[in-house]
Structure formats: structure tokens, C-alpha cells
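Predicted, not measured: the structure shown is a model, and the values here were computed from it.
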Amino acid sequence: MPDALRQSRYHMKKCFAKYLEKGRRIMKLDHLMVEMEQVIDDKEERTQVLEGVIGYILCTTQEAAVIPPHVAFAIRPNPGFWEFVKVSSDDLSVDAITATDYLKFKEMVYDEKWAKDENALEVDFAAFDYPLPHLTLSSSIGNGLNFVAKFMTSKLSGKLENAQPLVDYLLTLNHQGEKLMINDNLNTASKLQMALIVAELLVSTLPKDTPYNNFELRFKEWGFEKGWGDTAQRVQETIKAVSEVLQAPDPVHMESLLSRLPTIFNVVIFSPHGYFGQSDVLGLPDTGGQVVYILDQVKALEEELLLRVKQQGLDHVKPQILVVTRLIPDARGTKCNQELEAIIGTKHSNILRVPFQTENGILRRWVSRFEIYPYLEKFTQDATTKILDFMEGYPDLIIGNYTDGNLVASLMASKLGITQGTIAHALEKTKYENSDIKWKELDTKYHFSCQFTADTIAMNATDFIIASTFQEIAGSKDRPGQYESHAAFTLPGLCRVVSGINVFDPKFNIAAPGADQSVYFPYTENQRRFTSFHPAIEELLYSKEDNNEHIGYLADRNKPIIFSMARLDVVKNITGLTEWYGNNKRLRDLVNLVVVGGFIDPSKSKDREEISEIKKMHTIIEKYDLKGQIRWIAAQSDRQRNSELYRCIADTKGAFVQPALYEAFGLTVIEAMNCGLPTFATNQGGPAEIIVDGVSGFHIDPNNGDESSNKIAEFFEKCKVDATYWSKFSAAGLQRINECYTWKIYANKVLNMANIYSFWRQLNKDQKKAKQRYVQMFYNLLFRNLAKNVPIPSDDEASPPEPK
Ligand code: UDP
Ligand code: LCN
């Protein structure tokens, strides 16, 4: 053995001895590295050790389970790719192990009996996925639609008869019983192909704008029904699209054909928890970006649906979207006790509220999203009845939001056989370290046993998953994605999920939300600005008075303002930003700080975490003597006024700062950029993808306050010497938004998904059925019992938090 290798082995052994020293435990990458540094203090020697195989394992490790004399490693060389190995500390031999064995290693740390139980419940959703193709490249994750189109193409190619599933699918299309596209006269691929040739001949002779009505009767005689288009031109395009696919399918034509078929008219969107309303709800517990997202989403989807039905020649059809949420009798000044509420800015969309029922009747009070599980099954049943009644038929698409909405959507969709999409907004699992293995410790407070099983059920039941960013699915080079963390996990004593979800599944797609551009528009569009708010905003920002709405003041009005707005949760890190500012004299000299969030008076809040953040804000303001440079404003719920506030900050040539420790997506980042405000946002989570660092804004590291605050200071120093520097970032942010983050782009993508996955589920119906059965069993045997353990509060208990 060469000397260098011998020496390196010697160091590695010392290192493993150190890892073993404390006995059984779970270690993360940073622990492994810190302990390595303690044992090998020479930097060069450490580099040498890290060059070998074990070094590679250590560097790509996410987590390790120490069970002397072994250490088992979960390594992740690339997003979505996991390998598991076991290293013996005696001879440093490395053995590959399965995910199941790795999970058992982990369990040994907490529950040896369970780990060794041969009959411990193992859950393997992948067992049902074998007939289906999967993506293989990390870079393709989230691009399911294209992949599905390719796979469909290969299924329908070859000879004409192979296209029969498409014909069968076209035969099923209808709107409330009215047949669309074709009728039974064209029930084979060859009959359809012949008829298309004749039809094409006819439309090609007509002026392009000839209305469909003018030749509808001829079409009907040949076996065609409505849905091909509103004009001769549109009809001709659709005929071509179908003919191309029948002749020799290719993914591009397949995708464009399926996207233009009349498939989706009625949509149900579930968002049970929180206070879901259109006014006075933001800032209430569990009520944040999700509500903003859904209301904007509905407007965008309705607009796109109306456009599509018009183009399909189905003007008489009124697409409707129903947002279904919980009815809360104790509505506390909001409209959450109203059963039906029309959605402002839409023609046919409504909020439908259905109460939670318990053995004692309707639950009157609000309940936290962590405690919502016991009501969901009955809620689904009651909601289904009301929805079918209201819509006078089945919806064509059901979309769930967050754990509770996704579970309800899964129950209803599988019962009625309807296409389903899910949206997580945020999955809780990655937010809490070791939340799976330590579930028993956390369960009384968070009920993660319910949440993780519900999330896994929904991910597996749904036809497609809408993610806002790539990182939500598969993280980044260093950090696993939110979905990815459900690939293999264990809840000792309950179940070992050896395969929860595969991020290479083509059901994953990215469709990022936008911000309502009729509200969040650039500060430069003077004619559109909501100037009536200016006196109120002037007071908010610059009055000298301390009261329950704001404290602090800005002594020097000439300085630009750095601005942040968020719920006052720990993870949003508004206190962190205030502290960075307090600590950085350079930054304090350059700019003022304005933050919006929470209450000023801690006694107004009933939320433990918020109260502690409020107190912390006061302490920091005192500690750094910030009065004169800071203005802290309590949570603001008027979005029109808030949008004007962003623009007023832009008038000062300021910036928006989003300093969250982790942000799932980050709507405020999008809002600020839409208003033309240069933006600094956390590199942990969605914003890292929204902003291209140094091009359309800046990334900041929430765990490195000095570096982040200096980065902001540097920007303002540059702006001082070059006024165009600020405008450059303002414009680049807007450009980024318009290219990638608008609701129009979103609505188009999501409706394409709905159309394409509706056919996909039809193509794979046998596999879908088998998996659904397994999901149902998991729900029945596990979830239902877990949900029974969540206590049901009585309406007489202390009231939930007061609304603001
Ligand atoms: N918001 C608000 N008033 C506040 C704080 C936040 O209107 O005092 C709005 C904000 O403009 C954004 C949403 O609430 O539209 C927050 O969404 P985000 O994605 O930033 O965070 P979430 O609260 O969903 O975690
Ligand atoms: C929930 C969150 O935590 C945010 O990161 C998102 O922007 C919001 O929902 C909308 O999806």
C-alpha cells in the first residue's frame, strides 16, 4: 500500500472512530465535516482524505446513521439521485445497501424493536409504477408534459389501428351530455381519417373567418360534432392536428392537439383550511400566499377557459370554477360564514363554503391546519354533494391545495373518476429536521403522522402535480427538494415508506404563479398609479407617531428605503433582516429600513411564534437604537394599497428584501419585481430560481447576515455613483417576470396539463386502477386511524386568535 494511501486510511479510521464515539445517532453533512476537522487538523491532509472513495461518500452525504461498528450513509450525488452505503469502521469496507436497509439503520437509532420487526409495515408505491416510463435526467425533472407527449406518441405510432385509443378518447368528450368532436359514426381510426380528408376539402375552400354554424350541418352528416373551432380557419387547424397524429404522431403535434381539445369546462379547487375570503383575511393564522395565489389563479384560469371555449366554437358554454373551502360560523368579521360568494373579477366563478361536521354538529371555530384531519372525510362527502348540485354535473378537473386540499381532492377525484391536479404551496416535512424519524416527539403538536401520510396519498393518487419551481420538486445541488424528501422515509412504529414518490415521475410539472398585473404594475406607469392612497402611504411611512399601526420613524427622507413584508413567522426572518441592518453601519448610512408584518403590540397576537417575533423586533430596535432609521408597520391587508406601497418604495430608488430562512415560492418577490423594485431575496428555496443572481436581482444568504447586508450596501453604493445601475436592475426584474412569471403563462400551462393528463390517465387506466386500490388501502388502514387521534376542540374552549 503506498504511503499516502496508508496515511489517508489512518486518518479516515480516526475519523470514523470519532463518529462512533457518541454511539447511535443521526448525523448531517455539517456534523460529519466538523467532527472530521476535529480529528484531522491539517487542511492538506483533510483534502487528501476527501479525495478517496470514502471522501466522495462523505462529501455527497445528506445524512448518516451511526450504528457501531457501522455508519450508513444516504448520499445524493445529484438532484433526485440517491445511493445508500454502509461503511465498516473496522476495515473501512464499503457496501451498497438498499433504501429499505438504510431506513432500518435509521430506525435502529430510535426504535430498535421496530427496526428488527420482520413484519413492520413497508409501503412501496413504486411497485405499481413498473409499466410506466420515467424520466432519467435530473435536468428533465418537472418537465413531465413533454415526456408524456413523447410516450403517447410512441404508443399511438406504427399502424393506424394503434391510434384507436385517441379515437375512443375523442368519443368520450362531451359537455353536460352534449357530444363533442365526433359521434359514433366515426368510431374507428380509419373512418375518422377518411372523414377528415373530406372535411378538410370543404373548409379549405371557405373564407377563413366563415363561422362554424355555416357548415355545421354538413359536418354533422359526416359524423362531426361541435368543438373543432369557431371559424373555418380554426377548424382547419384542428383537422390538420388530428390528421397529423393519425398519420404519423410526433410529440409536438400530440401536445398541441390535446391542448386544443374541448376537455375542461368545470373546475373545482379545494382549499379547506384557514380563513379563505376575498377581504380582511390576509394575516389571519394559516392565511397567506395560498389565498392570494388561488384567487389570482381562478381569474387567470377562467380567462383562459373563456378564450378556449370561444376558439372551440362553444360560445354557449359557461366554464365555471368553484373554490371549495371551509365555512367558519365564527367568522370574526370576515365573510367566511357565507356559503356562496362570487369571485370578484370573474364572470362565473364562486367560493363555496362547506362547514366541518363533528358528532356535536357544525364546528364553529377556526382550527389550525395541523389539526384539520378529523374533519376531512365528512367534509369531502358534504362538499361533493353540494358541488354536484351547484354545477349540475361532474366537474372535469379537481385541483387540491396544500395537504388538506390535496387529500380531499384525491378522495373526491378517485370516487368520481375525475382528472386531478395537486399543488403543495409548501410541504412541511423539510421544514423540521428529522421530522419523520422523530415523528412521535412532534406528533402531539404537529400531527405529522397524518400530514406525511396524507401528502403521500395525494402525490400518488393525483394525475399531475403543479410545482412552482424546480427546487420544490428536487431541490438544488446541496439540498433535497420538498417532494424528493418523500422518496424514502420512515415513521418508526407506524410505517416504513420505502418508496413514497419518485421525482422522475412524469406527473411533475412546473408552472410558476405570477402576480395580478392589474394591481402590481411598474412604478413608472404614472397614469395607472393608485394615487388616492398616497396621503395614507405618506402617513404610514413618514409620520413621526408611534401607535398600534407603526413605530419608529425615518429622520432622513432623502435616503432610499429597503423594504420587506411578510407574516411575522420565524422562518420569514424579518427580525433577522432588522438585526443585519442594525449591525451594518455602512448600510444604515445609505438607506432606511421599512418592514410590514405582524402586530406592534404583542398582546394583540394569540400565536406563540408571532408573539415571540414581535418581542424580538422591539428588542432589536432598542438594542441597535434604530429609531430614526426604521419604520415598522403592522400587517397590511389591502393589496391595492400594498401595491402602491411597493411603487412608492421604488420612487425612493429603494429595494425589496426577502430574507427568509426558507421560502417555498415567495409571492412578495414577484409582486416587488412587477412593481419595478430591485429585489434581494433568499437563496434558500423558490426565490433562488425566480431571480438570476446579479442579473434580474440578487440572492442573499439568510445564514450569513454580514455578507447579505454588505451585498445590499454595495448595491446602493454603486447606485450613488451611477444612477443607471438602479434602473438596470429594475428593468431586468420586470423582464424576468414578463418572460417567466405571469398568470397568463401559468393558466395556459395548467390547462394544457389538464388536457394532456386526462388522456394519459385514460391510456393507463389499468395501472391507475391498481395503484388507486393500494392508495385506498393505505388511506383506510392507516390514515383514518391516525386522523381519529387528533383531538377535536370544543367550541367552548378558549377562542382562536383574533383577526387583525
Ligand atoms: N401580505 C399582505 N400583507 C402582509 C403580509 C403579506 O398582504 O402584511 C401578502 C403578500 O403581499 C403576498 C402574500 O401575503 O401576496 C404572502 O405570500 P408569500 O408567498 O410571500 O408568503 P406566505 O405567507 O404564503 O408564506
Ligand atoms: C405558501 C408559501 O409558503 C409561499 O412560499 C408561496 O409563495 C405561497 O404559498 C403561494 O404558493
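- Remark: side-chain polar atoms of Ser696 are paired, donor with acceptor, to backbone N or O of Val692 under 3.5 angstrom.
- Between Arg567 and Asp286 no salt bridge is recorded (no basic side-chain N to carboxylate O distance below 4.0 Å).
- Residues Leu295 and Phe276 have side chains in contact (heavy-atom distance under 4.5 Å, counting atoms from C-beta outward).
- In this structure, Ser643 contributes its side chain and Gln640 its backbone to a donor-acceptor pair below 3.5 Å.
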List the steps and the verdict of salt bridge (Lys or Arg N to Asp or Glu O under 4.0 Å) for Arg76 and Asp478. CA-CA 8 Å; Arg76 180 179 176 271; Asp478 310 320; over 6 Å; no

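- Between Asn406 and Asp455, the side chains place no donor N or O within less than 3.5 Å of an acceptor N or O (distance only, hydrogens not considered).
- Remark: side-chain polar atoms of Gln482 are not paired, donor with acceptor, to backbone N or O of Ala426 under 3.5 angstrom.
- Annotation: cation-pi geometry satisfied between Arg647 and Phe521 (NZ/CZ under 6.0 angstrom from ring centroid, within 45° of ring axis).
- To the nearest 0.5 angstrom, Ile141 atom CD1 is 9.0 Å from Ile510 atom CD1.
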With side chain to side chain contact (heavy atoms under 4.5 Å, CB included) as the test, would you mind laying out the steps for Lys438 and Tyr110 before giving the verdict? CA-CA 8 Å; Lys438 283 189 177 171; Tyr110 289 92; 3.2 Å; yes

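- No side-chain heavy atom of Gln297 sits under 4.5 Å from any side-chain heavy atom of Pro513.
- Between Phe489 and His486, the ring planes lie perpendicular to each other; the angle is over 60°, past the 30° to 60° tilted range.
- Cys59 places a side-chain heavy atom less than 4.5 Å from the side chain of Met33.
- Geometrically, Arg631 does not engage Tyr553 in a cation-pi contact defined by less than 6.0 Å to the ring centre and at most 45° from the axis.
- For the residue pair Thr682 / Glu663, no side-chain donor-acceptor distance below 3.5 Å is found, with atom types taken as modelled.
- Looking at Tyr523 and Asp651, their side chains never bring a donor and an acceptor atom within 3.5 Å of each other.
- No hydrogens or angles considered: nothing links the side chains of Ser271 and Asn401 as a donor-acceptor pair under 3.5 Å.
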Apply side chain to side chain donor-acceptor pair (under 3.5 Å) to Gln471 and Arg479, showing your working. CA-CA 9 Å; Gln471 69 77 36; Arg479 184 185 181 126; 5.9 Å; no

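- Under the 3.5 Å distance criterion, the side-chain polar atoms of Asn642 are matched with a main-chain donor or acceptor of Gln636.
- Ring planes of Tyr741 and Phe665: tilted class, angle from 30 to 60°.
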Kindly determine whether Glu613 and Lys572 satisfy salt bridge (Lys or Arg N to Asp or Glu O under 4.0 Å), including the steps that lead there. CA-CA 10 Å; Glu613 286 296 288; Lys572 296 287 182 189; over 6 Å; no

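- Considering NE2 of His31 and NZ of Lys22, their distance stands at 8.5 Å, rounded to 0.5 Å.
- At least one donor-acceptor pair under 3.5 Å links the side chain of Trp726 to the backbone N or O of Gly654.
- The OG1 atom of Thr575 lies 7.5 Å from the CE atom of Met617; values are rounded to the nearest 0.5 Å.
- Results of the salt bridge (charged side-chain N to carboxylate O under 4.0 Å, His left out) test with Glu35 over Arg46, Lys28, Arg25 single out Arg25 as the only residue that passes.
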Apply side chain to side chain contact (heavy atoms under 4.5 Å, CB included) to residues Ile562 and Leu587 and explain how you reach the verdict. CA-CA 10 Å; Ile562 57 170; Leu587 187 61; 4.2 Å; yes

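- In this pair, Phe729 and Tyr725 present their aromatic rings perpendicular. The plane angle is above 60°, beyond the 30 to 60° band.
- The closest side-chain donor-acceptor pair between Glu484 and Trp82 falls under 3.5 angstrom.
- Panel note: side chain Thr652, backbone Ile561; a donor-acceptor pair is recorded below 3.5 Å.
- The CD atom of Gln658 sits 10.0 Å away from atom CG of Leu667, with the distance rounded to the nearest 0.5 Å.
- Between the side chain of Thr742 and the backbone N or O of Gly514 there is no donor-acceptor pair closer than 3.5 Å.
- The OG atom of Ser612 sits 10.0 Å away from the CD atom of Glu610 when rounded to the nearest 0.5 Å.
- Side-chain polar atoms of His550 and Glu545 form no donor-acceptor pair below 3.5 angstrom.
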Go through it in stages, so that I can follow the logic: the residues are Asp589 and Lys585, the test is salt bridge (Lys or Arg N to Asp or Glu O under 4.0 Å), and I'd like the CA-CA distance, side-chain angles, deciding distance and then a yes or no. CA-CA 6 Å; Asp589 289 345; Lys585 172 151 190 327; 2.7 Å; yes

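- Rounding to the nearest 0.5 Å places OG1 of Thr334 at 13.0 Å from CH2 of Trp366.
- Ion pairing between a basic and an acidic side chain is recognised when a charged N comes within 4.0 Å of a carboxylate O; Arg557 and Glu538 show such pairing.
- In this structure, the ring of Tyr402 has its center less than 6.0 angstrom from the ring center of His273.
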Test Phe715 against Val591 for side chain to side chain contact (heavy atoms under 4.5 Å, CB included), laying out the working first. CA-CA 11 Å; Phe715 171 78; Val591 295; over 6 Å; no

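- Annotation: Tyr646 is in aromatic contact with Phe656 [ring centroid separation under 6.0 Å].
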Decide salt bridge (Lys or Arg N to Asp or Glu O under 4.0 Å) for Arg369 and Glu428; before the verdict, give the C-alpha distance in whole Å, the side-chain angles of both, and the deciding distance to 0.1 Å. CA-CA 11 Å; Arg369 69 189 196 280; Glu428 301 291 333; 2.9 Å; yes

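- Looking only at atom types and distance, the side chain of Asp701 has no donor-acceptor partner in the side chain of Ser708 under 3.5 Å away.
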